[in-house]
Number of protein chains: 2
Amino acid sequence: MSPRTAPAAASAPAEMAETAEIAELASHLRLTIARLNRRVRQQAAITGEELTASSQAALATIERLGPIALGELAAVEQVQPPSMTRIVARLEEWGYVTRVVDPADRRVARAAITDAGRELLARSRTRKEAFLAQRVAELSASERDLLARALPLLERLQDDAP
Amino acid sequence: MSPRTAPAAASAPAEMAETAEIAELASHLRLTIARLNRRVRQQAAITGEELTASSQAALATIERLGPIALGELAAVEQVQPPSMTRIVARLEEWGYVTRVVDPADRRVARAAITDAGRELLARSRTRKEAFLAQRVAELSASERDLLARALPLLERLQDDAP
DNA sequence: TATTGTTATACTCTATAACTATA
DNA sequence: TATAGTTATAGAGTATAACAATA
């Protein structure tokens, strides 16, 4: 079974307190995520990061899921198809992906990563000069460990249909 | 002293591995934060959340730091002054804040929260129907605890000048 | 002159609606 | 007809540059 628990209602005092605590945590998380995201995006613009977070996330997914249909990619990345069309068009323009029409069903366009794309991802993953990496480096080892363990939870919060 | 450590360079093999791990963590964190933020924003738009994350974050800071000058508020929220002018103008329009000109220095405009603003914040903090709150509720108690402990770290990553 | 905030303008990201090509 | 993707268009959020008011 899954490690998730889903309280249906809050009746006893303890459960009500828990519900309030959950709502508070969610609210706090939302604000923190938004602020941190803004900060990172701004800093990336200033220091001339190579890709925006959306483009980089799409590229990472293209690398991970091989030649992937744009519709599927849009679903994975939680954006609408037209947005993904744009993102992939730009990645292609810059030489990080290629688009191949599926021979079996010529309506389908698949995106595949290029060597340049792979190099870019590898580079960004080891960029120790980037803003966020510098900040992470300022944490203690145990704090980084805590962050690393919390990361899968953040990913799960955004996953589709539980 | 602070619990932070800042390795100046990576010379020994162990340090190099650590540096790579830090960069990887930062990269992963960036992508996760961006995706989660996108998801939350999108969902908020769909379900008609009362305020966007930026506005709500600004409002929360106005509540916390009392009548605050717009420039200071912009610095705290990590946005440029013109952006904050817009955000506060909208909050004022909707009746959640008031703007008062500082009598001592009439160039300064201070934003203060209204009763309606306080009520809105309280409401949003206990909104258990919101997308993120539902997802957080699906975590186990120990997972929520982990998240709660990681949150201050995320806040510190975005703080100014280490 | 220097500082605080505003106005004017533009850019990026993303969405919805309408369209094209293929099945 | 139904589906995959694209084009056209619009809106939110934020930035920079130029400006006004006050010190």
Side-chain angles (χ1 to χ4, degrees), chain A residues 31 33-59 67-94 97 99-111, chain B residues 31 33-59 67-94 97 99-111:
Chain A
L31 265 40
I33 294 284
R35 258 194 285 249
L36 183 55
N37 188 243
R38 194 158 56 230
R39 184 76 155 96
V40 169
R41 211 174 3 128
Q42 190 182 330
Q43 200 66 28
I46 291 170
T47 58
E49 210 85 343
E50 326 195 44
L51 291 183
T52 65
S54 309
S55 298
Q56 193 176 321
L59 187 57
I68 180 176
L70 293 207
E72 196 189 338
L73 183 56
V76 171
E77 288 294 320
Q78 301 279 359
V79 299
Q80 294 304 307
S83 303
M84 193 47 77
T85 292
R86 261 183 61 105
I87 291 171
V88 170
R90 222 169 16 200
L91 288 174
E92 188 185 29
E93 190 185 320
W94 294 340
V97 307
R99 266 193 323 195
V100 216
V101 171
D102 187 326
D105 181 346
R106 310 222 339 268
R107 292 171 305 181
V108 174
R110 292 184 186 284
Chain B
L31 265 39
I33 293 284
R35 260 195 283 249
L36 183 55
N37 188 241
R38 193 161 55 228
R39 186 78 156 93
V40 168
R41 210 169 8 123
Q42 190 182 329
Q43 199 66 27
I46 291 170
T47 59
E49 211 85 341
E50 325 194 46
L51 290 185
T52 64
S54 308
S55 298
Q56 193 176 322
L59 187 57
I68 179 177
L70 293 208
E72 197 188 338
L73 182 55
V76 170
E77 288 296 318
Q78 302 280 0
V79 298
Q80 293 303 306
S83 304
M84 193 48 78
T85 292
R86 262 181 59 107
I87 292 171
V88 169
R90 222 168 17 199
L91 288 174
E92 188 184 29
E93 189 185 321
W94 295 340
V97 309
R99 267 192 324 196
V100 216
V101 171
D102 187 324
D105 181 344
R106 309 222 342 265
R107 292 171 307 179
V108 174
R110 293 184 186 282

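Chain naming here is simple, since letters A, B, ... match the order of the sequence lines and numbering starts at 1 in each. Because only heavy atoms are used, hydrogens play no part in the values below, and waters and symmetry mates are left out as well, while side chains stay in.
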| query | The side chain of A/Arg99 lies closest to which of these nucleotides: D/dT6, D/dA12, C/dT4? | reply | D/dT6

| message | Show the nearest heavy-atom pair for residues B/Leu91 and B/Ala58, with the distance to one decimal. | response | CD1-CB, 4.4 Å

| CG of B/Leu70 versus P of D/dA20: gap in Å, rounded? | 20 Å

| message | Rounded to whole Å, how long is the line connecting atom CG of A/Leu91 with atom P of C/dC13? | response | 11 Å

| request: Tell me which nucleotide among C/dT3, C/dG5, D/dG5 gets nearest to the side chain of A/Thr85. | output: D/dG5

| request: Could you state the atom-to-atom distance from CG of B/Leu73 to P of C/dT4 in whole Å? | output: 14 Å

| note | When rounded to the nearest 0.5 Å, the distance separating CZ of A/Arg38 from CD1 of B/Ile33 is 13.0 Å

| field | Spacing of B/Ser54 atom OG and B/Leu59 atom CG [to the nearest 0.5 Å] | value | 12.0 Å

| request: By nearest nucleotide on DNA chain C, pick out whichever of B/Gly71 and A/Arg106 is the more 5' one. | output: B/Gly71

| field | A/Asp105 CG - C/dA21 C1' separation (whole Å) | value | 11 Å

| field | Whole angstrom value for the distance that separates P of D/dT22 from CZ of B/Arg107 | value | 11 Å

| note | Atom CD1 of B/Ile68 and atom C1' of C/dT4 are separated, to the nearest Å, by 14 Å

| Distance in Å, A/Gln78 CD paired with B/Gln43 CD, rounded so as to fall on 0.5 Å steps | 9.0 Å

| message | How long is the straight-line distance from CZ of A/Arg35 back to CG of B/Asn37, given to the nearest 0.5 Å? | response | 12.0 Å

| task | Would you mind classifying the nucleic acid contact of B/Ala69 as base, sugar-phosphate or nothing, using non-hydrogen atoms under 4.0 angstrom? | result | sugar-phosphate

| query | Whole-Å distance between D/dA12 P and A/Asn37 CG? | reply | 19 Å

| task | Quick one: pull up CD in B/Glu72 and CE in B/Met84 and give me the separation to the nearest 0.5 Å. | result | 11.0 Å

| request: Mark up nucleotides 14-19 of chain D, 5' to 3', with B wherever a protein heavy atom is under 4.0 angstrom from a base atom, S wherever such an atom reaches only the sugar-phosphate, and - elsewhere. | output: BBBB--

| query | Rounding to a whole Å, what distance do you find between B/Arg39:CZ and C/dA15:P? | reply | 11 Å

| request: State the OG1-CZ distance between A/Thr52 and A/Arg90, to the nearest 0.5 angstrom. | output: 5.5 Å

